[in-house]
Undergrad: 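Would you mind keeping the following structure in view while I ask a few things?
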Number of protein chains: 2
Amino acid sequence: MGRLSLYLRQLERMLRDGIEKVSSRRLGEALGISDAQVRKDLGYFGHFGRAGVGYPVEELVKSVRRILGTDHEWPVALVGIGNLGRALVGYRGFRRQGFQIRAIFDLDPQKVGQSIEGICVEPASDLARRVAELKITLGIIAVPAEAAQAIADTLVSAGVKGILNFAPAPISVPDRISLVAVDLAIQLESLSYQVRIGHTDRETSE
Amino acid sequence: MGRLSLYLRQLERMLRDGIEKVSSRRLGEALGISDAQVRKDLGYFGHFGRAGVGYPVEELVKSVRRILGTDHEWPVALVGIGNLGRALVGYRGFRRQGFQIRAIFDLDPQKVGQSIEGICVEPASDLARRVAELKITLGIIAVPAEAAQAIADTLVSAGVKGILNFAPAPISVPDRISLVAVDLAIQLESLSYQVRIGHTDRETSE
DNA sequence: GGATGTGAACGACTTCACAGCG
DNA sequence: CGCTGTGAAGTCGTTCACATCC
C-alpha cells in the first residue's frame with residue numbers, strides 16, 4: 001500500500017521534530033487522508049495505538065519500516081546512467097530508506113569506467129555475473145525504451161526479486177518477480193488531463 | 001484516468017508499426033489489462049469502435065490525445081535544476097506529448113545563467129513575473145523538500161493551473177489547482193514491500 | 001473526554017455476460 | 001462469427017458510527 005510510505009515519511013518528520021505521540025486525525029490531516037482511513041490502514045497490520053492516547057511515533061516508525069521492508073539494507077543495481085540514472089544515484093531519499101546502489105551498469109562503452117558518486121560504471125555485459133556476485137536483490141532500469149525488456153530479462157535471470165522500471169515502455173517479468181513502473185511522461189499527462197477537466201482529485205504516486 | 005495514458009502509449013507504438021485497427025483484447029493484452037476494462041474506459045468518453053471490427057488506431061490516438069489534453073502545447077516551467085531537473089529537461093517523452101519546458105528557475109545563484117538544452121536558468125525570485133509573462137500553465141517542482149511549499153505557493157500565485165511535484169514532501173495547493181506528486185523513494189519502498197510480501201500485484205504509476 | 005479498532009453501510013471500480021451490430 | 005458497448009453482478013476500498021478502552 002502506497003499510503004504506508006506516506007505515513008512513514010510524515011512520522012519520520014514528526015520524530016525529528018520531537019513529537020512523541022500522534023492521533024490518526026493529526027497524522028491524516030498532514031497528508032490529506034481521513035482519520036478512519038489511517039486507522040484502517042494501520043489496524044490491518046497490528047495494534048499499534050492506545051485508545052484515548054494515539055500512536056507512539058517512534059515505535060510506529062519502527063513497525064512501519066518493518067512492514068515496508070526498510071528496516072534492513074537492500075542492495076540495488078542501477079542500469080543506465082543517463083541524466084535520470086545520475087539523478088537516482090544522487091538521490092538521498094534512497095539511501096535514507098536503506099536502498100544502497102551497489103553497482104551501476106550501462107550499455108554504452110563510452111560510459112563504462114566512469115565513476116559516479118564513487119561507483120565505477122560497469123559494462124552491461126557483466127550484469128548477470130555481477131548481480132549474482134554482489135547478491136543484489138533489486139534492479140532499477142533507467143535505459144531507453146528499446147533496451148528495457150532485454151535488461152529486465154537479464155536482471156531476472158541474474159536473480160533479482162524486484163524491478164523498478166523508469167523506461168517509458170511496459171516490460172513483462174515472471175509472476176514471482178515484483179515490478180513497479182514509473183513513466184514520467186504519464187505523470188504530466190495525468191496532470192494535463194486534470195487541468196482540462198478541472199476535476200481535481202489529488203493523486204500521489206506513491 | 002492513468003490508464004488512458006498507457007493506451008495512448010501503446011496505440012502510438014502500434015501506429016508506428018503500421019497497425020490500422022486493434023481490438024480491445026489485443027490492446028489490453030499488451031498492457032496486462034482485461035478487454036472489458038479497455039472497452040469500459042474508452043466507452044466512457046464516446047463511441048470509438050466498430051462492433052466486429054475493433055478500434056481504428058489512428059483515429060483513436062487523436063481522440064485519446066484530445067481527452068488527455070495533449071492535442072495542443074502546454075508551456076511548462078521547471079523549478080530546480082539539480083540532477084533530477086536536468087533529467088526532466090532532457091526527457092524526450094515530455095516534448096513528444098506536447099509539454100514544452102519554456103523556462104527554468106533555481107534558488108542557487110551559482111546555477112543562474114547556466115544554459116541547459118538551450119534554456120537559460122533564471123533566478124527563482126523572477127518566477128512569479130516570468131511565469132505570468134510567458135503564460136505558463138504547468139509547473140514542475142524539483143527542489144529540495146524544504147523549499148517545495150514556498151515554490152508551490154509562488155507558482156500558484158503566478159497563475160499556473162497544475163503542479164507536478166517531485167520533492168519528497170507533501171505540498172498543499174488551493175482546490176482549483178491540479179496536483180500530481182511523484183516521490184521516487186516511495187516507489188522503491190512499494191517495491192521492497194511487494195518483495196517482502198511476495199504478493200505481486202502489478203503497479204504502474206502512471 | 002479523547003482516541004482506537006472494527007463491523008456495517010456505502011460507493012467506486014472491475015469483471016461478467018450478453019444483446020446487437022458489422 | 002468477431003467484437004463493441006453496456007446493464008447487472010461482483011469485488012474492493014473508503015467512510016460511518018459506535019462499543020471500548022485510557
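Numbered from 1 within each chain, the chains take letters A, B, ... in sequence-line order. In what follows, every heavy atom counts, from backbone to side chain, and hydrogens, waters and symmetry copies are set aside.
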Undergrad: By nearest nucleotide on DNA chain C, pick out whichever of Gly43(A) and Val53(A) is the more 5' one.
TA: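 Result of the comparison: Val53(A).
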Undergrad: I'd like to know if Glu189(A) and Arg9(B) make a salt bridge, using a cut-off of under 4.0 Å between side-chain N and carboxylate O.
TA: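 Judged by the 4.0 Å cut-off on N to carboxylate O distance, Glu189(A) and Arg9(B) do form a salt bridge.
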Undergrad: Compare side-chain N and O positions of Arg39(A) against OP1 and OP2 of dC16(D) and report whether any pair is under 4.0 Å apart.
TA: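 The answer is no; no side-chain N or O of Arg39(A) sits under 4.0 Å from OP1 or OP2.
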Undergrad: Less than 4.0 angstrom between a side-chain N/O of Tyr55(A) and OP1 or OP2 of dG2(C), yes or no?
TA: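 False: Tyr55(A) side-chain N/O out of range (4.0 Å or more) of dG2(C) OP1/OP2.
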Undergrad: So, for Val64(A) and Leu11(A), which heavy atoms are closest and what is the spacing to 0.1 Å?
TA: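 Heavy atoms only, the tightest pair is CG2-CD1, 4.4 Å.
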Undergrad: Do NZ/NE/NH1/NH2 and the carboxylate oxygens of Glu59(B) and Lys62(B) come within less than 4.0 Å?
TA: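 Salt bridge flag = no for Lys62(B) with Glu59(B).
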Undergrad: What integer distance in Å separates Phe45(A):CZ from dT4(C):P?
TA: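 These atoms are roughly 18 Å apart.
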Undergrad: Rounded to whole Å, please give me the gap between CG in Asp41(B) and C1' in dG5(D).
TA: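 Those two atoms, CG and C1', are 13 Å apart.
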Undergrad: Do the side chain of Lys40(B) and the base of dT6(D) come within less than 3.5 angstrom through a donor-acceptor pair of N or O atoms?
TA: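 Donor-acceptor pair under 3.5 Å: no.
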Undergrad: Distance check: side-chain N/O of Ser34(B) vs OP1/OP2 of dT14(C), anything under 4.0 Å?
TA: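 Answer no for this pair, as no side-chain N or O of Ser34(B) is under 4.0 Å from OP1 or OP2.
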Undergrad: Any Lys/Arg nitrogen of Glu12(A) or Arg65(A) sitting under 4.0 Å from an Asp/Glu carboxylate oxygen of the other?
TA: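 Here Glu12(A) pairs with Arg65(A) in a salt bridge, since their nearest N and O are under 4.0 Å apart.
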Undergrad: Charged N to carboxylate O under 4.0 angstrom, Arg39(A) versus Asp35(A)?
TA: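 Looking at Arg39(A) and Asp35(A), the cut-off is met.
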Undergrad: What is the distance from CD1 of Ile33(A) to C1' of dT15(D), rounded to the nearest Å?
TA: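 Taking CD1 of Ile33(A) and C1' of dT15(D), I get 14 Å after rounding.
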Undergrad: Measure NE2/His47(A) against P/dT20(D) and give the value in whole Å, please.
TA: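 It is 15 Å, rounded to the nearest whole Å.
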Undergrad: Nearest to the side chain of Ala36(A), heavy atoms from C-beta on, is which of dC21(C), dC16(C), dC16(D)?
TA: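 When the side chain of Ala36(A) is considered, dC16(D) is the closest of dC21(C), dC16(C), dC16(D).
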Undergrad: Take atom CZ of Phe48(B) and atom P of dT4(D), then tell me their distance rounded to the nearest Å.
TA: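 Roughly 14 Å, once rounded to whole Å.
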Undergrad: Classify the nucleic acid contact of Arg50(B) as base, sugar-phosphate or nothing, counting any heavy atom under 4.0 Å across all strands shown.
TA: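 Arg50(B): backbone/sugar contact only, no base atoms under 4.0 Å.
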Undergrad: Rounded to the Å, how far apart are Glu29(B) CD and dC3(D) P?
TA: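 Checked: the CD to P distance equals 11 Å.
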Undergrad: Looking at Gln37(A), does any N or O in its side chain come under 4.0 Å of the phosphate oxygens OP1/OP2 on dG13(D)?
TA: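 So the side-chain polar atoms of Gln37(A) never come under 4.0 Å of the phosphate oxygens OP1 or OP2 of dG13(D).
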Undergrad: Given atom OH of Tyr44(B) and atom C1' of dT15(C), what is their separation to the nearest angstrom?
TA: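 After rounding, the gap between these two atoms is 19 Å.
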Undergrad: Using whole Å, what does the distance between atom P of nucleotide dC18(D) and atom CG of Asp35(A) come to?
TA: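 Distance check: Asp35(A) CG to dC18(D) P gives 15 Å.
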